[in-house]
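First the proteins, then the strands, lettered A, B, ... as listed; each starts at 1.
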Amino acid sequence: LVNEECEIATNGRPAEVSSLLSRHAIFEAEQRAVQTALRESEERFRAVWEGTSEAMALSDRDGVVLTVNPAYCALYGLAPEQVVGQSFAVIFPDEERETAEAQYRTIFADPNPPPSYEARVQRPDGSRRVVEAHADFLVRDGERVVMISAIRDITERTQAERTQQDFIAMASHDLLTPITVLRARAQLLQRRQAYDEASVASILEQTTRMERMITDLRELVQVEGGQLTVRAAPVDLAHLARHAADRVRIQRTGHTVRIETPTEPIVGQWDQDRLGQVLDNLLSNAIKYSLKGGEIVVRVASANGEARLSVTDQGPGIPAAVVPHLFERFYRGEHHVGDAGLGLGLYISRMLVEAHGGRIWVTSAPGRGSTFTIALPLECR
Amino acid sequence: VNQATRPPYILVVDDDHQLCDVLVELLTEVGYLVRCAYDGEAGWVEIQARSPDLILSDITMPRLDGQSLALRLAEAGSGIPIILMSAGPHDGARVHGPFVRKPFAIDVLLACIARTLEETDTARAPIPH
């Protein structure tokens, strides 16, 4: 278009200032368009560079940092001026910088660098993080000139993976425990070539133990996978408590269960089976941890729009340091006993109570027993 | 007590009471004298009270685990043999000395006990209090 305009301008007609002006105007307009396009493009890239949660850095062949994005600064707790112009290795603990720089040179020269690599880095406050980095390169005239590093903080993920692995190891270990007893019992019967009621009862007890663990695992998957459904219907909490106490009495554990309920029913919109499960768990804990028998008290009451149910035992109590962790996933105290389940009961109970919009907590003093309480809203949520 | 005139005395240490029960029944029927303790510390108290000829101990236990119990025995200069048991997948590799993986075949366990007793030097130093 510009050329055509030039043609027109030089073809004969008296020197036309207006034509020249229009040529200039077109040229300027085009330049403006190019600049706008450039600015828009840069704005887009800047938005990505600044907005991404991925920490990014550009560094040259020698490992000197050319530029970093805000996510990078946030990840390492550094201001841009503390990094730019410096060796990228400032993010490593002192003793590891040399190794990191050597690795950097290897990756820079490697025609097929690994798609990603893990590193342990240190922030100025001394905290250490595990990061995963992907390296890419800017190539000019067939030569790598800049490394583009995209870095992700995987500290939490690594920790979660480790917790998961530990849990699986622990769960499989615990599932093998009843199997050990069961197998030994069966082999002993075989060896004796004689039936005896006590051995069979012990074998059956082991299968119950295993069933409980497997049920807990299934519950855990439901709770974690967000598949927990609460089928709300009118439920009388006092009635529920009496039923749970009956289930304990059948077991003949040597404990007495006393129920304290008001005369009028305490009815809310709850899931009867789920709450029954929570109650069973609290009662079985009360039995398990008060080895010498004794009284277990279940109290049901309502106040301030809430229904409350508590289970009090005469066990050894819970050390103060343990209390805050008791309802955590995979938490297992020092006092875990060999015959216990997977240690998921209280975590699952908490999730079930919270699914009802309620709360669960414990008050305990060493030597003076423990009281586990659940509070449930009386009004439909 | 003359070692030759009484059956060997085995101390079983495991926090699973039900496994202790079945092991006590089995080992008694085979002809051993048996007692049990439910954790490493309780086991140590038993050992000091009455020195066993062999200890059969679980690894993972509250208060004091099986490996620490074995270490404490070694440090005390005791020659009492200890067979460690565990359901942990890697525990066998970490144990120096006799090891039985749970769940076990009782014949394998009995053979391990018999062999360990045979191999043990009967002249042992007493356990210091």
Whatever's closer than 4.5 Å to a heavy atom in chain A on B:Leu110 counts as side chain
Please classify the contact of B:Asp14 with chain A as side chain, backbone, both or neither, using a heavy-atom distance under 4.5 Å.
neither
For residues 197-207 of chain A, give me every residue with a non-hydrogen atom less than 4.5 Å from any non-hydrogen atom of chain B.
A:Glu205, A:Gln206
Quick check: do A:Ile179 and B:Lys102 have side-chain heavy atoms less than 4.5 Å from each other?
no
With side-chain contact (heavy atoms from CB on, under 4.5 Å) as the test, pick out the partner of B:Gln18 among A:Thr177, A:Val181, A:Leu182.
A:Val181
For A:Arg152, look at atom CZ and say whether over 12 heavy atoms of other residues, nucleotides or ligands are found less than 6.0 Å away.
no
State whether the number of non-hydrogen atoms from other residues, nucleotides or ligands found under 6.0 Å of A:Arg128 atom CZ is greater than 12.
yes
Which atoms of A:Arg183 are under 4.5 Å from chain B, going by heavy atoms: the side chain, the backbone, both sets, or neither?
side chain
Search all heavy atoms of A:Leu176 against all heavy atoms of B:Pro103 and return the closest pair with its distance.
CD2-CD, 3.7 Å
Please classify the contact of A:Ala184 with chain B as side chain, backbone, both or neither, using a heavy-atom distance under 4.5 Å.
both
Closer than 4.0 angstrom, basic N to acidic O: yes or no for B:Glu29 and A:Arg192?
yes
A:Gln187 and B:Asp107, any side-chain heavy atoms less than 4.5 Å apart
no
When you check the gap from the basic side-chain N to the acidic O, do A:Arg209 and B:Asp16 get nearer than 4.0 Å?
yes
If you look at every heavy atom in A:His173 and B:Gly88, which pair is closest and at what distance?
CD2-N, 3.7 Å
